Each structure stands twice: as structure tokens, then as C-alpha cells.
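Keep in mind that this is a model prediction, so the values were computed, not measured.
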Amino acid sequence: MVKHTYQRGVEAEFLEAYEMYADALFRHCYYRVYDRERAKEVVQDTFMKTWEVVARGEEIRNFRAYLYRVARNLIIDEARRRKLRTETSLEDMREDSGFDPGEDKTRTLLDRMEGAEALKLLAKLSDEDQEVLMLRFVDELDPKEIAEMLEVTANVVSVRSHRALKRLREIMDEQKDA
Amino acid sequence: MHKRVRKLIKHLKSASMTTAEREHIREALFHHMEQHPVEEDALVRRMLQGGGTFRPEPKRQPIPLMRFAPALALVVLLAAGGGASYAAEGAVPGDLLYPVKIHVNESVRSVMVRKPEARAAWEAERMERRLKEAQKLAARGELDGEKSAQLSESVARQSEALALRINDIEANDRVAADEARVDAALTLATHNEVLSEIVAGSMMGESGSETEADMIIAAIQKTSESLAEVEEAVDVAAASLPTEDSEELAPREPPQEMVDAANRRYENAENTIASARLLLSENRENIGELVALQASRTLRAADEELHAGEADLELRLYAAATEHFTNALRLAMRANLLIEANLELSVEIEITHDGTAADGETTSEEEDATDNSAAPDATSGEGSDSSTTSDSDGEDPAADTETAA
């Protein structure tokens, strides 16, 4: 078993972590900025910045939470710079950038239409609620991790996600009845 | 959960990057990492903090250093600063930093490695480390009784640990476990050969060191044999299945395991050949011309075996294919170790056709005198070696007195 791993442990591990988390991070970013290119940039910057921290030897306790936090901050900073309100409606975003989450082309048009419809409804939730729903149910982080990321307690996260889910259901039911 | 909510969530999850996009970013990231290398201090700090893997679980408690490092090593570590654990990597028994290598560096890695396959790979690597230390000492002529006892015991213990790890894999992936066993057996056998050659070449009749080295060679051989038994058992089991090439029987589908094993071995052989080729091309100038020649000849033989195996695969003769791939793997490992030994130990070693050593430093009489170098262990089939003409062997001791740089 003469393997030649010329990379030292840390670099290889870090790149493995990239493989593990990049996609989920992209998705998270995409649903914040609704711009594919921008989302990719954020992912790249996030990993690069995080690497610099690792290379300096600083401790990162919860790696995934750290990544999300860096990404979040990048997005928020940029939004502030651009003076964009983060509550831009979904329709506006879609018109600007061409809704392009990169989904599987084999899905039926109906599916995609339904999905787009559902997203519109999601947009009716507050920013906070949207975020926590994404993190909890799409990215499937557990409340403790989300708590670290958002810098609140795990309890707050649980309550928030529960409430957000309830609101989403209500909105969907409203629309159905309308 | 609400049906539409579930659908929404499913839809949201579908957003992802294409493989191309992901690769593109990875490349940029890699570049960035090269520009911002890890600071030396950072690595040691990481180790002392307890590894800090990039996992979502909260960090473990830092490993208390005192538990592993003898006080002396600790003092050395602190005094020498960040560079110590690096320097330790090259240590052999008897060196001041050797305890750091074992009790700090290796311990930390052991804790960090979790998945069964990775654990097995790590234990195999550890075993190789001990073998390489023996080779290094032998090359320096420093392999005395105490060290060789220490190392042979380590090798024995390591191979036990390795066997346990392989058993762990077996439950889920029988083919991977078998592959790991074969790999380990071949590794031991190849290292054994190299060690024998070093001993034969550098001892030059210094009786004291010879017996010590013999001890360790014997220990390795014993371990090697027990692993070889396992390999044999695997082969026997495979062979007892009806052969696919007998057309008289109703054509039966070969068991999936057999197919998987053949493919696995194929992959292993191919990767090892590629890795050896790379090593050769990167180090051509640093190893002797003869070694380079030897290595490429060996690799060519490995390639031939590989192609033969591929042909068998086409014909769905899986048992025969596996045998060819095993030979290819063996040859590739040998080439690899040849080059490595020359690079790391600054001793020219050639594993010639009949197993005797031709060391660039010895005179031509040495060639025939060595008995103990032809290690007759079950797994190294010298007969399968490519036809190495003896002409070149005769020439080298006279012509070549260089040692690898």
C-alpha cells in the first residue's frame, strides 16, 4: 500500500470538507441572492476566507456553522453596500437574473411551475422565517448549529422554525382557498 | 408534514451547482491554498488542540498531551517550537524525537481517523512506517539488537491491529476487506525484499548487525506468511467456483463478488502503476541510471500483466484477471519501493531477477554471496518478474559507484 499523498493532512481534509459542504452552501446562498453567479462567488470567497483562518492556526469549533456564518456576512455586507433591501420580492429577483437554480432538466414543466409557485409563497414569509426554514429543512442543520450561526439560543431556533413552518402552511392553505 | 410544504422543500433542495462549476471553484480554492500555506506553528497548534477535523460535530476536548508524551519529549517539543513535530516525522528508533513521532504525531492521527476504511489504511501506513524505519536504520548500519526487537514487535502488533481493522470493513464490504488483506500482504513482502537487500548490501559481513537484521526479516516474514495464508484462502475460495470459461457447463453468471474483486484489484493495480510512474518521472535525476532502468523495466512488466488482465476481463474470466492484476500490483509496488528506497536511504538497491542484491557500493563478489536476501515468502513470486538479463548486473558494480543524491 504505497500511496503517495504529497499533500499534508490539513489541506486534503479541507478540500474534502469543500466537497462535502460546497453544494449545500451554494444552495443557501442562492436562495439569498437569487443570482447563480453571485452565489458561486460567495461560496468561493467563503472557502477562501475560511482557509486563511485555518492556515493561521486559529481554532474553528464548528466548521459547518462557521462556513455559513462567513457566507451570511458576505451576503449581508454586499447587500448593505448595494443598498438592496434583502426583502426584495421573488418576482423582482426572478426578472432580474433569470430564475436559474440549476435544477434537473428532466423534471416536468408542471413540477417546475409548481415549484416556482411555491417559492412565491415562501417569499411572503419574513426574511428571518425564510432563513430558518432553509437552514432547518433544506440544509438540514440541527438547531444547535443554526443557533451558533445566527447567534441565538437553540431554543429560539426551534421556536422560530416551528412557527415559520406553521405560517408557511397557513399561507399555502390561504392560497388554495382563494 | 404538510404535503405542499414537503414539495416546496424538495424543490428547494434541487438547486445545486454542476460538477463543472464545483470543480472550477475547487481549482481556484486550491490555488488560493497554495498561496496561503499553513504556518508551521499552526499545524502543531492544531495537533495539540486535538485535531480539529472539519466536521459539524463540536470539537472534542483537546487531548491532554501528558497522556501520550514522555516528559522529555514534551520539553523538546516546547523548546523546539513548531518545527518539532515536523522533524519528528523523519525520526527512527534511537532519535530524540522518535517518541514525538509515535506518541504525538501518530496518536493524534489515530484519533482523527474515524471511518473503517480510512482506519485500515492508516494502520497499514503505520506498519509501513515501522518497516521503513527498519530500512533506514539498516542502511545506516545502525540496526542493532534492541532496535530490531522493538521494530519487529511493532510490526507484529501493527499487523494485528491492521487485521482487526480489516475485519471491521468486512461486515460491510467483503471485497474491500479482501483487497486490503492482499495489499497488506504484498506490502510486507515487498518491504521485506527491500530490507533484505539493504541488509545484504550494507552489512557486508559485519556479523553482529546481520543477525539482528535477520531477526526483523524473520518477524516480517512470519507476519507476511500469515497474511499470505489469508490471501491464499481467498484465492482458493475463488478458484473453487465453477470456471466461467468452461463452455460445456450451462453458462452461469459469475458471482458479483468475484467480478467486484477483479475490478477492485484492477483499479488498485492501475493506480499503483500510475503512482510509480509518476514517482519515477519526478525523480529520474536523483536515482541512479540503473535503478531508473530497473524500475521502468519492472513497470513495463506490470503493464503487460495489466493488459493481460484486461483481456481476461473482456472475456469475463475473472479469476484469471484477478491473478494478472495481483501480479501487476506486486510489480508496481516493487518498482515503487525500489525508487523510494533509493531516494530516501541513499543506498542503491536493485532487486534483480534472482533476488540477490547488487549494491552500487559493493564489489562484484558480493553479488553471489548473499543468501538471506532471497526471502522465500509465499507472496513474492520471483518467477513472475520480467526477464532481467544478467548482463547489466555484471556491469554495474564496476561502473557505478554513485549513491543516490
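Proximity to chain B (any heavy atom under 4.5 Å) is shown, for A:A65, by neither the backbone nor the side chain. Contact annotation for A:Y18: only side-chain heavy atoms (C-beta onward) come within less than 4.5 Å of a heavy atom of chain B.
Distance CG/A:L165 to CD1/B:I9: 6.5 Å, rounded to 0.5 Å. To the nearest 0.5 Å, the span separating CD on B:E21 from CG on A:D23 amounts to 9.5 Å.
When the shell of 6.0 Å around CG of A:D77 is examined, it contains more than 12 heavy atoms from other residues, nucleotides or ligands.
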Could you pull out every donor-acceptor pair under 3.5 Å between side chains of residues 24-38 of chain B and any protein atom, sequence neighbours left out?
from: B:R26; atom 1: NE; to: A:E19; atom 2: OE2; distance (Å): 2.9
from: B:H32; atom 1: NE2; to: A:E52; atom 2: OE2; distance (Å): 2.8
from: B:H36; atom 1: ND1; to: B:H32; atom 2: O; distance (Å): 3.1

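Between the side chain of A:Y31 and the backbone N or O of B:L12, at least one donor-acceptor pair lies under 3.5 Å.
Residues satisfying the side-chain contact (heavy atoms from CB on, under 4.5 Å) test with A:D142, not counting sequence neighbours, are A:K144, A:E145.
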